[in-house]
Amino acid sequence: MATTDKNQQDAEKLAAARAAVKFVKDGDVVGLGTGSTTTFAIIELGKRVKDGLQIKAAASSIRTEELAKSLGIEILDLGRLSEIDISIDGADEFTASLDLIKGGGGALFREKIIASLSKNALIITDASKKVKKLGAFTVPVEVIPLAYQYVFDQINKLGGSGVLRTKDEQAFITDNGNLIIDADFGLIDDPAKLANNLNQINGILAHGLFINLTSKVIMSDGTDIIIFE
Ligand code: 5RP
């Protein structure tokens with residue numbers, strides 16, 4: 001991507017982040033996603049906390065937790081929460097009906113728990129993430145290592161083709177100690193059906209299809225903030 005495109009995209013991410021952070025109120029428990037867009041939101045939240053906003057947060061990854069703590073945001077144990085007031089996260093793709101693909105950053109499992117606990121699950125994006133149909137971005141699938149080949153074969157049986165995610169020529173390992181298969185299903189006609197099919201496969205901890213887990217997508221196109229709900 002050319003530098004100007006990246007600058008434009010970053011400006012959109014920041015604008016969406018600023019719009020989302022305005023929804024956070026004193027006393028809220030806030031779920032924090034992972035990724036470059038969410039990083040803008042965490043930094044903006046950190047500024048509000050410095051100015052006196054009283055919140056506690058739950059983090060979807062180790063890197064989000066470290067960033068939030070460094071900005072003075074108190075982090076709670078996600079595993080002890082029954083409810084989250086509001087969450088802010090990014091997405092790799094979204095449709096106007098609020099179906100998402102997430103997990104490009106590998107934090108999909110904890111992000112899904114946060115979205116599931118959230119009374120108000122906000123997704124923030126730049127304009128490049130809006131699609132008519134999901135699937136140009138591959139669907140991340142977090143797999144327990146000993147089920148790797150089984151899950152890989154089941155993805156094939158569903159008509160997909162998987163690739164083991166790597167980092168620095170090694171298998172990418174999630175914060176939960178698992179592997180990720182990036183699964184290409186082509187453009188997805190029925191995301192809910194595919195999500196259901198993936199839900200049936202033993203050994204999958206989570207997949208990146210987020211269906212009925214989003215309250216609003218807040219998108220910036222560089223000029224306007226557009227809210228899908
Ligand atoms: C991480 C995610 C991210 O929200 C998604 O990958 C978008 O990332 P970015 O904001 O960097 O484009 O799902 O697991």
Side-chain angles (χ1 to χ4, degrees), residues 1-2 5-6 9-10 13 33-39 59-64 89-95 97-116 123-214 217:
M1 186 189 299
D5 290 352
K6 183 170 178 341
Q9 207 174 11
D10 281 351
K13 288 177 183 185
T34 294
S36 57
T37 318
T38 310
T39 294
S60 60
S61 63
I62 294 168
R63 59 188 188 275
T64 285
D89 201 351
D92 298 299
E93 286 186 345
F94 77 95
T95 63
S97 51
L98 308 190
D99 293 334
L100 318 176
I101 292 181
K102 287 186 47 53
L108 59 159
F109 173 63
R110 296 187 198 189
E111 289 172 338
K112 212 170 228 186
I113 298 295
I114 285 180
S116 303
I123 293 292
I124 51 176
T125 75
D126 60 84
S128 72
K129 306 292 181 63
K130 167 97 170 44
V131 296
K132 285 213 165 70
K133 267 188 190 184
L134 299 177
F137 195 93
T138 50
V139 179
V141 178
E142 179 164 352
V143 185
I144 312 285
L146 63 78
Y148 174 75
Q149 192 58 49
Y150 172 72
V151 170
F152 195 93
D153 295 345
Q154 296 304 307
I155 286 172
N156 280 338
K157 284 186 188 160
L158 286 176
S161 70
V163 173
L164 175 67
R165 188 179 296 184
T166 56
K167 189 179 176 192
D168 303 328
E169 295 177 29
Q170 304 285 325
F172 175 89
I173 306 292
T174 68
D175 286 351
N176 315 305
N178 297 316
L179 302 169
I180 290 191
I181 297 173
D182 288 306
D184 186 355
F185 293 96
L187 291 183
I188 303 166
D189 288 325
D190 189 342
K193 185 172 169 204
L194 178 58
N196 257 332
N197 287 335
L198 291 169
N199 289 343
Q200 309 304 317
I201 301 174
N202 290 322
I204 293 183
L205 182 66
H207 55 76
L209 287 168
F210 280 47
I211 313 294
N212 291 329
L213 286 173
T214 301
V217 176

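Predicted, not measured: the structure shown is a model, and the values here were computed from it.
In terms of heavy atoms, Pro140 sits closest to Leu108 at O-CD1, 3.5 Å. Here the shortest heavy-atom pairing between Ala107 and Ser60 reads CB-O, 3.7 Å. Taking each heavy atom of Ala147 and Gly203 in turn, the nearest pair found is CB-CA, 3.7 Å. A pairwise comparison of heavy atoms in Ser36 and Lys13 identifies OG-NZ, 2.8 Å as the closest pair. Considering every non-hydrogen atom in both Leu198 and Ile204, the closest pair reads O-CD1, 3.7 Å. Across Val141 and Ala183, no two heavy atoms sit closer than the pair CG2-CB, 4.3 Å.
Annotation: the span from Ile114 atom CD1 to Phe109 atom CZ amounts to 11.0 Å, rounded to 0.5 Å. Rounding to the nearest 0.5 Å places NZ of Lys102 at 13.5 Å from NE2 of His207. Between the CD1 atom in Ile155 and the CD1 atom in Ile201 there is a gap of 6.0 Å [rounded to 0.5 Å]. One finds the CZ atom of Arg63 at 7.0 Å from the CG atom of Asp175 (value rounded to the nearest 0.5 Å). Atom CG in Leu179 sits 10.0 Å away from atom CZ in Phe172 (nearest 0.5 Å). Once rounded to the nearest 0.5 Å, the distance linking CG of Leu100 with OG1 of Thr95 reads 7.5 Å.
Under 4.0 Å is where a charged nitrogen must lie from a carboxylate oxygen, and between Asp153 and Lys157 no such pair does.
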Handout entry: Check against side-chain contact (heavy atoms from CB on, under 4.5 Å), Leu187 and Leu134
Key = CA-CA 6 Å; Leu187 291 183; Leu134 299 177; over 6 Å; no
Practice task
Output, in order, the C-alpha distance, side-chain angles, deciding distance and verdict of side-chain contact (heavy atoms from CB on, under 4.5 Å) for Asn178 and Ile144.
Solution key: CA-CA 5 Å; Asn178 297 316; Ile144 312 285; 4.0 Å; yes
Handout entry: Stepwise side-chain contact (heavy atoms from CB on, under 4.5 Å) check, Asp182 with Phe137
Key = CA-CA 9 Å; Asp182 288 306; Phe137 195 93; 5.7 Å; no
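Just one of Leu213, Ile123, Val217, Asn212 meets the side-chain contact (heavy atoms from CB on, under 4.5 Å) condition when paired with Leu98; it is Val217. Exactly one of Val139, Ile188, Thr125, Ile101 qualifies for a side-chain contact (heavy atoms from CB on, under 4.5 Å) with Glu93. That residue is Ile101.
Between the Thr34 side chain and the Thr64 main chain, no donor and acceptor come within less than 3.5 Å of each other. In this structure, Asp126 contributes its side chain and Gln9 its backbone to no donor-acceptor pair below 3.5 Å. At distances below 3.5 Å, at least one donor-acceptor pair connects side-chain atoms of Lys112 with backbone N or O atoms of Leu209. Put simply, the side chain of Arg165 gets close to the backbone of Gly104: a donor and an acceptor are under 3.5 Å apart. Under a 3.5 Å cut-off, the side chain of Thr38 and the backbone N or O of Gly90 do form a donor-acceptor pair.
No side-chain heavy atom of Asn202 sits under 4.5 Å from any side-chain heavy atom of Gln154.
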